[in-house]
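All figures in this text were calculated on a predicted structure; none of them were measured in a lab.
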Amino acid sequence: VHADGIITEAGNAPVSLVVTTGPLTVGGVITAHGSGNIHVNTKSGTATVNAAVSSTSGHVTFLASGNIGLNANIVSGSTGTLNVVSSGGDITQIDGVRVITGSGDIRLSASGSIALAGLSTSGNASVVATNGAITDAGDMHVDAVASQLRLTAGTSIATSANHLETTVATLSAWANGGSLYILESD
């Protein structure tokens, strides 16, 4: 399925897109105005975000059974919670792409690895790569900005040559089978 964009015109209407079979490519913006939530679920395939997914203040949930490629921002303007979950693959952000909310929480979770390019909230963030690594996907932005940040990897977190950059008040990190490299800016 190729989604060329879904936009609510006004009010607080939600957006829900469920793909039961095959991959999903978001080729046009998906926008919910007001407190409208966005729910995208690829039940049997991969998902690629090539255009912004945003809600003014609602929650954004992006689920896939396979890999998720983030080539565009996922945003909630104020208190919305952002969830990006790959139950059977990796999450890959390209450099310059961010997952952003004002003060809502952010959760990135993959059964495989996560290539992190940037997430930002004044709330809490959790990045979990159950069976893989968390790596630094670029240096255009600080990789993780949050009040409290939880990093959990089945193998390693970043590398000695490319640390994960953070700006957080509290950090909890666990690399089950490897090394941990963090560069904290404050």
Side-chain angles (χ1 to χ4, degrees), residues 1-94 96-111 114 116-128 137 140-150 167-170:
V1 173
H2 184 86
D4 286 327
I6 302 169
I7 300 174
T8 61
E9 295 298 322
N12 299 313
V15 172
S16 182
L17 175 61
V18 178
V19 177
T20 56
T21 304
L24 167 68
T25 300
V26 177
V29 296
I30 298 177
T31 303
H33 289 87
S35 62
N37 297 327
I38 297 173
H39 177 87
V40 178
N41 186 350
T42 306
K43 292 188 172 207
S44 180
T46 61
T48 304
V49 180
N50 290 332
V53 176
S54 65
S55 176
T56 304
S57 64
H59 308 297
V60 178
T61 300
F62 207 95
L63 310 171
S65 63
N67 295 332
I68 297 176
L70 298 179
N71 303 324
N73 294 337
I74 296 181
V75 178
S76 180
S78 58
T79 59
T81 297
L82 305 178
N83 288 300
V84 180
V85 179
S86 169
S87 62
D90 302 330
I91 297 173
T92 304
Q93 279 182 294
I94 63 169
V97 168
R98 297 194 310 159
V99 177
I100 308 165
T101 183
S103 61
D105 294 336
I106 296 174
R107 178 175 71 126
L108 301 181
S109 178
S111 64
I114 297 176
L116 187 63
L119 63 82
S120 180
T121 181
S122 64
N124 302 320
S126 174
V127 180
V128 177
M140 188 174 288
H141 301 289
V142 172
D143 297 311
V145 177
S147 175
Q148 297 181 34
L149 175 63
R150 172 185 163 215
T167 303
V168 299
T170 304

Can you tell me how far apart CG (Asp90) and CD1 (Ile68) are? Round to the nearest 0.5 Å. 10.0 Å
What closest approach, in Å, do Ala32 and Val15 show between heavy atoms, and which atom pair accounts for it? CB-CG2, 4.2 Å
Roughly how far apart are Ser54 OG and His33 NE2, rounded to 0.5 Å? 8.0 Å
Which donor-acceptor pairs under 3.5 Å do the side chains of residues 35-44 make with protein atoms, sequence neighbours left out?
unit_1	atom_1	unit_2	atom_2	d
Ser35	OG	Asn12	OD1	3.4
Asn37	OD1	His59	N	2.7

Contacts under 3.5 angstrom, residues 70-85 side chains, donor-acceptor by atom type, not counting sequence neighbours:
unit_1	atom_1	unit_2	atom_2	d
Asn71	ND2	Asn50	OD1	2.8
Asn73	OD1	Arg98	N	2.7
Ser76	OG	Gly58	O	2.7
Ser76	OG	Gly80	N	3.4
Asn83	OD1	Arg107	NE	3.1

Ignoring hydrogens and angles, tell me if any N or O in the side chain of Gln93 forms a donor-acceptor pair with the backbone of Gly118 under 3.5 Å. yes
Please walk me through it: do Val49 and Val97 pass side chain to side chain contact (heavy atoms under 4.5 Å, CB included)? CA-CA 10 Å; Val49 180; Val97 168; over 6 Å; no
Determine the minimum heavy-atom distance between Ser55 and Gly34, stating which atoms define it. OG-O, 3.8 Å
Over all atoms of both residues, closest heavy-atom pair of Gly66 and Ser86: O-OG, 2.6 Å
Minimal non-hydrogen separation, Gly89 against Ser111, with atom names: N-OG, 3.0 Å
Roughly how far, to the nearest 0.5 Å, is CG of Asp143 from OG1 of Thr167? 9.5 Å
Identify the two heavy atoms, one from Thr121 and one from Gly123, that lie closest to each other, and give their separation to 0.1 Å. OG1-N, 2.9 Å
Looking only at non-hydrogen atoms, find the nearest pair between Gly45 and Ala64 and report the distance. O-CB, 3.8 Å
Calculate, to the nearest 0.5 Å, the distance between atoms CD1 and CG belonging to Ile114 and Leu108 respectively. 5.5 Å
